[in-house]
Amino acid sequence: MENQANAVNRQSCDVLVIGGGPAGTTVAPLLAEQGYRVVLLEKARHPRFHIGESLLPANLPLFERMGVADEIKAIGMEKWGAEFVSPSHDHTMSIQFGEAWDKSMPYAYQVKRAEFDTILLRNAEKKGVEVHECCKARAVDFLPDNAGAIVRAEYQDGRQQEWQARFVVDASGRDTFLANRFQIKHRNPKHNSSAIYGHFSGAWRHEGQAEGNITIFWFEHGWFWFIPMQGDVTSVGMVTWPYYMKTKGQRSIEQFLMDGIAMCPALTERLKNATLVNEVEATGNFSYVSERNHGANYLLLGDAYAFIDPVFSSGVLLAMNNGVIGAEAINTCLRNPAQATAALKRFDDLMKHGPKEFSWFIYRVTNPIMRDFLMHPKNIFRVKEAMISVLAGDIFGKTPIWRSVLTFKVIYYIANIIQPRRAFMGWKRRRFNIRRVDDPAMNGI
Ligand SMILES: Cc1cc2nc3c(=O)[nH]c(=O)nc-3n(C[C@H](O)[C@H](O)[C@H](O)COP(=O)(O)OP(=O)(O)OC[C@H]3O[C@@H](n4cnc5c(N)ncnc54)[C@H](O)[C@@H]3O)c2cc1C
């Protein structure tokens with residue numbers, strides 16, 4: 001009798017997706033459209049807050065493909081370019097996405113993620129995905145002989161449920177559900193920053209088409225983002241290094257953010273008449289990668305696999321792109337197992353491509369020589385067009401930027417060779433910035 005009372009209901013499905021962010025809500029409907037029974041578990045109830053509000057032009061073709069382009073357009077603030085403000089230069093620098101190599105993707109959107117992710121989740125439902133919100137995946141057991149896995153989940157009201165799935169997709173974001181269980185997640189030794197962020201109303205914006213541009217402000221201890229969104233809400237975030245986080249002391253994170261803003265006169269000016277409208281949040285030590293992104297009957301997508309610094313607003317694009325290539329790989333594994341090895345190899349190569357290309361620039365973006373390059377862009381050998389294409393996220397298609405990207409890197413290395421002292425100081429500063437500082441003030445961030 002007691003066993004019966006405790007028995008957990010078990011259902012079956014083809015693919016079980018953990019997480020209803022951009023990665024999960026892309027892979028799930030693409031598989032449902034191909035006739036699979038897909039279940040998606042989301043621990044929260046949408047709409048819910050999420051950081052990551054600035055999108056890239058290369059997102060737009062994905063919205064078309066998912067059938068959500070009009071809905072995203074309705075909630076999005078058009079973002080036609082990016083502006084860089086450096087304390088060591090007497091001018092600001094703006095790039096327009098319309099000047100990229102491929103001129104057909106001239107803008108992107110800034111979005112409130114609560115609205116954006118809700119559109120993607122409801123779209124998944126419309127396409128036949130069985131969505132369970134307020135339902136958190138708790139455990140997984142992979143079965144022998146390629147028989148799939150059993151995933152155990154718990155609803156917020158305490159009900160338990162199990163699914164037996166042929167394939168499991170971990171799209172749980174920074175919770176890194178599978179990577180934690182397999183103990184394969186490693187912090188990135190080449191990068192180490194944290195972010196503190198909030199929403200403001202009344203911030204000063206540019207006029208006309210430039211109103212929705214993202215602005216990146218460098219300051220002594222890192223950089224700020226300034227992301228204008230619809231309805232007079234502007235997201236402002238400070239990305240900084242562990243040694244500076246250590247100086248937070250007893251201050252609240254809100255006070256720490258405000259004190260940081262005060263160190264950046266150009267941003268202070270933009271926020272002169274602004275008011276904070278939500279609770280300030282923080283995310284610590286955020287760059288990591290997992291040892292692998294797939295195994296027998298499972299894939300890791302988006303932030304569940306790897307996270308890189310958000311300076312180039314690449315996270316949502318990478319997560320959705322992972323969803324597309326993940327759906328292709330799973331379809332091959334389930335329909336044509338003989339081709340699975342080749343499909344997973346291709347999946348693995350594509351998964352690593354985005355983080356690798358963006359990371360080269362991320363590691364160098366605070367270097368003074370690189371900053372000079374960004375503040376004085378020149379289009380010799382079309383390097384400026386190629387760089388804007390990278391910033392637009394146009395790195396997965398056929399746009400032939402790679403020779404010019406390589407030329408840019410070679411010019412950068414030559415600039416380092418002919419300015420050895422500056423290069424050495426930049427290298428030393430970076431080593432100082434990324435070193436680990438174990439400090440209780442960072443606990444819980
Ligand atoms: C400070 C900061 C700034 C950023 N800025 C940008 C930006 O400007 N532009 C950009 O493109 N990206 C940005 N990003 C990155 C972006 O937020 C992420 O890359 C993106 O959200 C990844 O999507 P995802 O689907 O992989 O994960 P998520 O969007 O995190 O979605 C994962 C989902 O899984 C759910 N979940 C977790 N665990 C479980 C579980 N056990 N069971 C069920 N559900 C679960 C979560 O509730 C969540 O809804 C930023 C990130 C940070 C930290």
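All figures in this text were calculated on a predicted structure; none of them were measured in a lab. Order of listing sets the numbers, starting from 1, for every ligand and every atom in it. Quick note: residue numbers are just sequence positions, from 1.
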In Å and rounded to the nearest 0.5 Å, what is the OG to CZ distance from S235 to R113? 11.5 Å

Side chains of V85 and F226: closer than 4.5 Å at any heavy-atom pair? no

Measure the acute angle between the ring planes of Y107 and Y109, then classify it against the limits of 30° and 60° as parallel, tilted or perpendicular. perpendicular

Output the set of protein residues with a heavy-atom contact under 4.0 Å to ligand 1, ordered first by chain identifier and then by residue number. I18, G19, G20, G21, P22, A23, L41, E42, K43, R48, H50, I51, G52, E53, S54, R113, C135, K136, A137, A171, S172, G173, D175, F177, A195, Y197, W225, G302, D303, F307, P310, S313, S314, G315, V316, A319

R292 NZ/CZ over F182 ring centroid, <6.0 Å and within 45° of normal: yes

Any residue meeting salt bridge (charged side-chain N to carboxylate O under 4.0 Å, His left out) with R159, in chain and number order, not counting sequence neighbours: D157

For the atom pair CG (L40) and CG (L121), what is the distance rounded to the nearest 0.5 Å? 6.0 Å

